[in-house]
Amino acid sequence: MGVLVVSEKDSVAAAIARYLGRGYRRFRVVGVPAYRFRRGDDEWLSMGLRGHLMDFDFGGELASWRRTEPERLFDAQPILVYRPESTRHVLALRSLAKSAELVYLALDADSEGEAIAYEAMMTIMPVNPRVRFLRVRFNAVTRDDILEAFNKPQQLDLRTVEKVFTRMMLDLTIGAAFTRLLTLSVRRAAGRANGIVSYGPCQTPVLSLVVRRALERENFVPRKYYVVSALVAVDGHRLAVRSERFEGREDAVAAAKSIRGSVGRVVEASFVEARKSPPVPLETVELEKRASKWLGIRSREALALAEELYRHGLISYPRTETNVYPQTLDLRRLVAELARSPFGWYAGRLLASRLSPTRGRSDDGAHPPIYPVRAADLPDVVRALGRHARKAWKIYELVVRHFLATLSPPAVYERQRVVVRVGGLDLVAEGRRTISEGYWEIYPYERIEDSPIPRVEAGATVRVVEVEVEERETKPPDYLSEAELLALMKRHGIGTDATMQEHIHTNVRRGYMNIVRGRCIPSPLGKALILGLNDTAPHLADPDVRSRMESMLAQISRGRADPRDVLEAVKREFRGYYKLLLDRLPSLSKSIAGSLDGGSPR
DNA sequence: GCAAGGTC
């Protein structure tokens, strides 16, 4: 019998051939890598796609921005077409499937995988109408998981396919309708012939988060406040202490005067042991946040570098929302492998202990967390990656250190707090002292420097040695950092692990914002767009539009809603917003056009 | 030329 296994990417196709067969041969069909092996009496083939084969688009008249009124897109039916860039994979798939009797759809075990499985099935059926299809689902590309999945084949989940296709149609319809409307009217108002003013249910809420913070910062009015700071003598130590805030200078001065040269008592002295747990296994968004915060590498570049490292077999698949190691992952073997790396001094030590990894709470069902696969040093990475090597090494190092940290003990430190009361005034000193470094030793990014205060006893007498009033000012919030933005996107459910950094980048590409030293600074255009939308149809820029849409879509895969009903309901909602925009279009486009002085949309 | 989601 002839059997074909279709997976989402070449790396998985190769792994399947390796685990299911006893030896395999790699070959190419129309340039696409494929694998041949025997299993029992059967002849098996395995090939990987490159994600989706198909996409929705507007055809004919609907493709014309000028001839079609954008609002008409809400009534139109987008068509499913093959992506031009997947031609070779379509041909290869048909060629390999032509004589198969059974096709295993071994795409990733997530929603997109279900849709891609359907696309593969649609592609094969015309050339081989009698073939049987089975769906296999595994949530880690390990021998055990894959063997088990093939022992328990399942059926394609058509409801999930419908959910994904509905989302694709909605995103296209909504994105195209608003982008065309905004673009054409802003061009008219600005007297320009080019430039795009886009709207999207992910990109625009992201921009809205950035603008919101920028406005908070720019509208911030600093306020002066005062604190009494003093140096007190206690038990032969000197201790720097500080009062709470005073709104008025006179009150602070009076309080300072009242304690000058006075004697008081320690009313609280707590020196308590506290622990900081090591991080949970690494998922994409965390990698991006940490790279931005600690390495100064932007999310988009961090993911691109991680992909390079993955392609060179140095780390596991970098697009994942899972932060729990699968049971089947041999952690000890990985640590042993890392013992040969520049981090071997630490890995070797871990090997001597029992390995108990931290664990998070999310599992995307398709990929394990990001972990190092192979030991490498800087020269190895330079040989493999060439010109990107320096930054790639920093990412690799982060992945290795993070992995080892998840297997390490917590950091233990002493949290110190002393309150002295002089007259009626409480003054506080806080400090900390490390007791045991724990995972900080391999994960210095999170290390907190010691700032110990002397150990004193409650009840001890204190004498004020020096006292002064400090004038301070409340500080405006900083622009949103990229790491904060990623965290907010995750919280609001905007985008996926693989796309979050793209939504940020789309805003940069469109000229809506810039990232300067890790901070997101909106441009006048970006601000004008968000302020304009907030004035006319605020729901369009609401950080929660995406998650509301997603929860409606989820009803489809749960079998609780008909896909056509969801499609119509969401379109009706957005068409309502479209009408609101139309009503105020002249002033909206004028204000956006006005923001373009000196800059232009891209 | 529009979006967001896969993959490289």
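Letters A, B, ... are given to chains in the order of the sequence lines, protein chains preceding strands, and every chain is numbered from 1.
A search for ring-ring contact (aromatic ring centres under 6.0 Å, His included) contacts involving His367(A) returns Tyr317(A), not counting sequence neighbours. A search for ring-ring contact (aromatic ring centres under 6.0 Å, His included) contacts involving Tyr19(A) returns nothing, not counting sequence neighbours. Every residue two or more places apart in sequence or in another chain was checked for a salt bridge (Lys or Arg N to Asp or Glu O under 4.0 Å) with Lys394(A), and none qualifies. Legend: residues meeting ring-ring contact (aromatic ring centres under 6.0 Å, His included) with Phe138(A), ordered by chain and number and at least two apart, are absent. The side chain to side chain contact (heavy atoms under 4.5 Å, CB included) check on Ala34(A) picks up Phe27(A), Val29(A), Met47(A), Leu96(A), with sequence neighbours excluded.
Per the geometry, OH belonging to Tyr199(A) stands 23 Å off P belonging to dG1(B), to the nearest Å. Following rounding to the nearest Å, Arg72(A) (CZ) and dC2(B) (C1') show an atom-to-atom distance of 16 Å. At whole-Å resolution of the value, NZ in Lys163(A) and P in dA4(B) are 17 Å apart. Rounded to an integer number of Å, the gap from CG of Asp497(A) to P of dA4(B) is 16 Å. What separates OH of Tyr512(A) from C1' of dC2(B) is a distance of 11 Å, to the nearest Å. To the nearest angstrom, P of dA3(B) lies 16 Å from CD1 of Ile494(A). Atom pair Glu112(A):CD and dG6(B):C1' shows a separation of 6 Å (rounding to whole Å applied). At whole-Å resolution of the value, CD1 in Ile116(A) and C1' in dT7(B) are 8 Å apart.
Side-chain proximity of Ser198(A) to the nucleotides dA3(B), dC8(B), dT7(B) is greatest for dA3(B). For Thr179(A), the side-chain atoms get nearest to dA3(B) when compared with the rest of dA3(B), dG1(B), dT7(B). Listed nucleotides dC8(B), dG1(B), dA3(B) differ in distance to Asp55(A); the shortest reach to its side chain belongs to dA3(B). For Gln203(A), the listed nucleotide lying nearest its side chain is dA3(B); candidates were dA3(B), dG6(B), dC8(B). Side-chain atoms of Tyr317(A) lie closest to dG6(B) of the nucleotides dG1(B), dC2(B), dG6(B). The listed nucleotides are dA3(B), dT7(B), dC8(B); the one nearest the side chain of Glu8(A) is dT7(B). Among the nucleotides dG6(B), dT7(B), dC8(B), the one closest to any side-chain atom of Tyr310(A) is dC8(B).
The residue among His503(A) and Ala63(A) whose nearest nucleotide of DNA chain B is located toward the 5' end is Ala63(A). Comparing Met168(A) and Glu307(A) along DNA chain B, the residue whose closest nucleotide (by nearest heavy atom) sits nearer the 5' end is Met168(A).
Residue Arg311(A) places no side-chain atom within donor-acceptor reach of the base of dC8(B), judged by atom type and a 3.5 Å distance cut-off alone. Side-chain atoms of Asp57(A) stay outside donor-acceptor range of the base of dA3(B), with no qualifying N/O pair under 3.5 Å. Between the side chain of Asp171(A) and the base of dC2(B), no donor-acceptor pair of N or O atoms lies under 3.5 Å.
Using a 4.0 Å cut-off between charged nitrogen and carboxylate oxygen, Arg300(A) and Glu482(A) do not count as a salt-bridge pair. Between Glu162(A) and Arg159(A), no side-chain nitrogen of the basic residue sits less than 4.0 Å from a carboxylate oxygen of the acidic one, so the salt-bridge criterion is not met. Using a 4.0 Å cut-off between a side-chain N of Lys or Arg and a carboxylate O of Asp or Glu, Arg137(A) and Asp108(A) do not qualify as a salt bridge.
Across residues 536-550 of chain A, Arg546(A) each have a non-hydrogen atom less than 4.0 Å from an atom of DNA chain B (numbered order).
Residue-level contact check: Phe178(A) touches neither bases nor backbone, having no heavy atom under 4.0 Å from any strand. In this structure, Pro70(A) reaches neither bases nor backbone, as no heavy-atom distance under 4.0 Å exists between it and the strands shown. Contacts of Gly48(A) with the nucleic acid, taken as non-hydrogen atoms under 4.0 Å apart, are absent.
In this structure a side-chain-to-backbone donor-acceptor pair under 3.5 Å is missing from Thr284(A) to Asp497(A).
OP1 or OP2 of dG6(B) lies within a sub-4.0 Å distance of a side-chain N or O belonging to Thr496(A). Phosphate contact (OP1/OP2 of dA3(B), side-chain N/O of Arg510(A), threshold under 4.0 Å): present. Neither OP1 nor OP2 of dG6(B) sits under 4.0 Å from any side-chain N or O of Arg319(A).
Evaluation of Trp65(A) against the base of dG1(B) yields a stacking contact (centre distance < 5.5 Å, interplanar angle < 30°).
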